[in-house]
Amino acid sequence: MHALIVVSHPDKSSLTHAIANHVAQGVTASGSQHSFEIADLTAEGFNPTFTQEDSALLLSRGTPPADVAAEQARIDRADALVLVYPVYWWSFPGLLKGWIDRVFTNGWAYDDDMEGKLVKKLERLNVHLIANGGADMRTYARHGYFGAMKTQIDHGIFGYCGARVASSELMVPSDAGFPTSHLDAAHAIGQRIFAAPR
């Protein structure tokens with residue numbers, strides 16, 4: 001089984017990158033038959049800008065640009081998709097949101113036909129979300145931010161495409177044992193990605 005781990009942070013020495021690396025180590029530790037690929041959107045120079053080509057694709061009037069087709073092929077090779085990202089303004093960083101906007105296209109992630117019927121095309125895909133937040137959990141709870149993020153991301157993006165969100169974690173500095181606890185939790189998530197359901 002193969003996991004695609006997508007990380008969106010400009011600093012390779014960041015906690016976000018360390019979390020992604022620990023997820024990868026957990027996948028490896030779960031068995032030699034499992035593999036991973038880390039997609040570092042910043043280092044790879046992914047362009048998040050939604051272009052006229054992307055707009056044509058949305059309307060089923062074009063073919064995917066080469067960079068979009070390459071990302072879709074990466075996901076097609078994966079049995080699990082893991083997104084690791086810092087929380088910026090209570091959501092994804094712009095780079096990761098642009099990746100979603102451009103890659104999860106009509107005709108590939110879903111089909112929106114002329115009669116308004118939605119066909120979800122990513123039902124085979126398990127998704128794991130790991131958000132690295134800066135505020136404490138009380139702030140997220142008091143203002144409903146984490147619930148809003150789950151509605152927007154878990155349901156609004158992945159539910160729309162039929163992908164199953166197998167885990168959705170929010171790690172914050174107020175967690176006991178921070179930051180080591182985040183790395184331990186990431187390793188455990190990696191180990192569980194391909195574990196048989198109980």
Would you say [X] and [Y] are hydrophobically clustered, going by side-chain heavy atoms of ILVMFWY under 4.5 Å?
X	Y	result
Phe92	Tyr145	yes
Leu15	Ile189	yes
Phe36	Val82	yes
Ile193	Leu129	no
Ile157	Leu122	yes

Side-chain donor/acceptor of [X] to backbone N/O of [Y], under 3.5 Å:
X	Y	result
His182	Val172	yes
His22	Ala18	yes
Lys121	Gly107	yes

Counting only heavy atoms from other residues, nucleotides and ligands, does the tally under 6.0 Å from [atom1] of [X] exceed 12?
X	atom1	answer
Arg61	CZ	no
Glu44	CD	yes
His143	NE2	yes

Does any part of the side chain of [Y], heavy atoms only, come nearer than 4.5 Å to the side chain of [X], both counted from C-beta?
X	Y	answer
Phe158	Leu81	yes
Val87	Met149	yes
Val7	Ile38	yes
Arg102	Glu71	no
Lys12	Asp40	yes
Met137	Leu170	yes
Ile19	Leu183	yes
Val68	Trp108	no

Item checked: Sub-6.0 Å ring centroid separation between Phe104 and Tyr110 ->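 Phe104 vs Tyr110: aromatic centres not under 6.0 Å.
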Tell me the closest heavy-atom pair linking [X] and [Y], and the distance in Å.
X	Y	result
Pro93	Pro86	CD-O, 3.4 Å
Met171	Ala186	CE-N, 4.1 Å
Gly94	Pro48	O-CB, 4.1 Å
Ser13	Asp11	OG-OD1, 2.7 Å
Ser91	Ile153	OG-CD1, 4.4 Å
Lys120	Gly159	NZ-O, 3.0 Å

Notebook entry, point to check: Stepwise, does the side chain to side chain contact (heavy atoms under 4.5 Å, CB included) test hold for Arg124 with Asp76?
Noted result: CA-CA 10 Å; Arg124 65 161 195 86; Asp76 285 340; 4.1 Å; yes
Next item on the list: Report yes or no: do Ser181 and Asp175 form a side-chain donor-acceptor pair below 3.5 Å?
Entry: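 Side chains of Ser181 and Asp175: no pair found under 3.5 Å.
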Next item on the list: Indicate whether any N or O donor in one side chain lies under 3.5 Å from an N or O acceptor in the other, for Asp54 and Thr51.
Entry: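 Yes - a donor-acceptor pair under 3.5 Å links their side chains.
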Gap separating the [atom1] atom of [X] from the [atom2] atom of [Y], nearest 0.5 angstrom:
X	Y	atom1	atom2	result
Tyr85	Leu96	OH	CG	7.5 Å
Ser174	Asp136	OG	CG	5.0 Å
Trp90	Gln152	CH2	CD	13.0 Å
Thr105	Ile100	OG1	CD1	11.5 Å
Ile130	Leu83	CD1	CG	9.0 Å
Ser8	Leu95	OG	CG	4.0 Å

Next item on the list: Show your working on side chain to side chain contact (heavy atoms under 4.5 Å, CB included) between Val103 and Phe46 and close with a plain yes or no.
Entry: CA-CA 11 Å; Val103 174; Phe46 182 81; 4.1 Å; yes
Note to self: Using the rule given for side chain to side chain contact (heavy atoms under 4.5 Å, CB included), can you reason through Gln33 versus Phe194, listing the C-alpha separation, both sets of side-chain angles and the distance that settles it, and then say yes or no?
What the structure shows: CA-CA 10 Å; Gln33 71 276 26; Phe194 300 124; over 6 Å; no
Next item on the list: Determine, step by step, whether Ser60 and Asn106 satisfy the side chain to side chain contact (heavy atoms under 4.5 Å, CB included) criterion, reporting the C-alpha distance in whole Å, the side-chain angles of both residues, the deciding distance to 0.1 Å, and the verdict.
Entry: CA-CA 7 Å; Ser60 302; Asn106 185 11; 3.4 Å; yes
Check: With under 30° as parallel and over 60° as perpendicular, where do the rings of His9 and His17 fit, or are they tilted in between?
Finding: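 His9 and His17: perpendicular rings.
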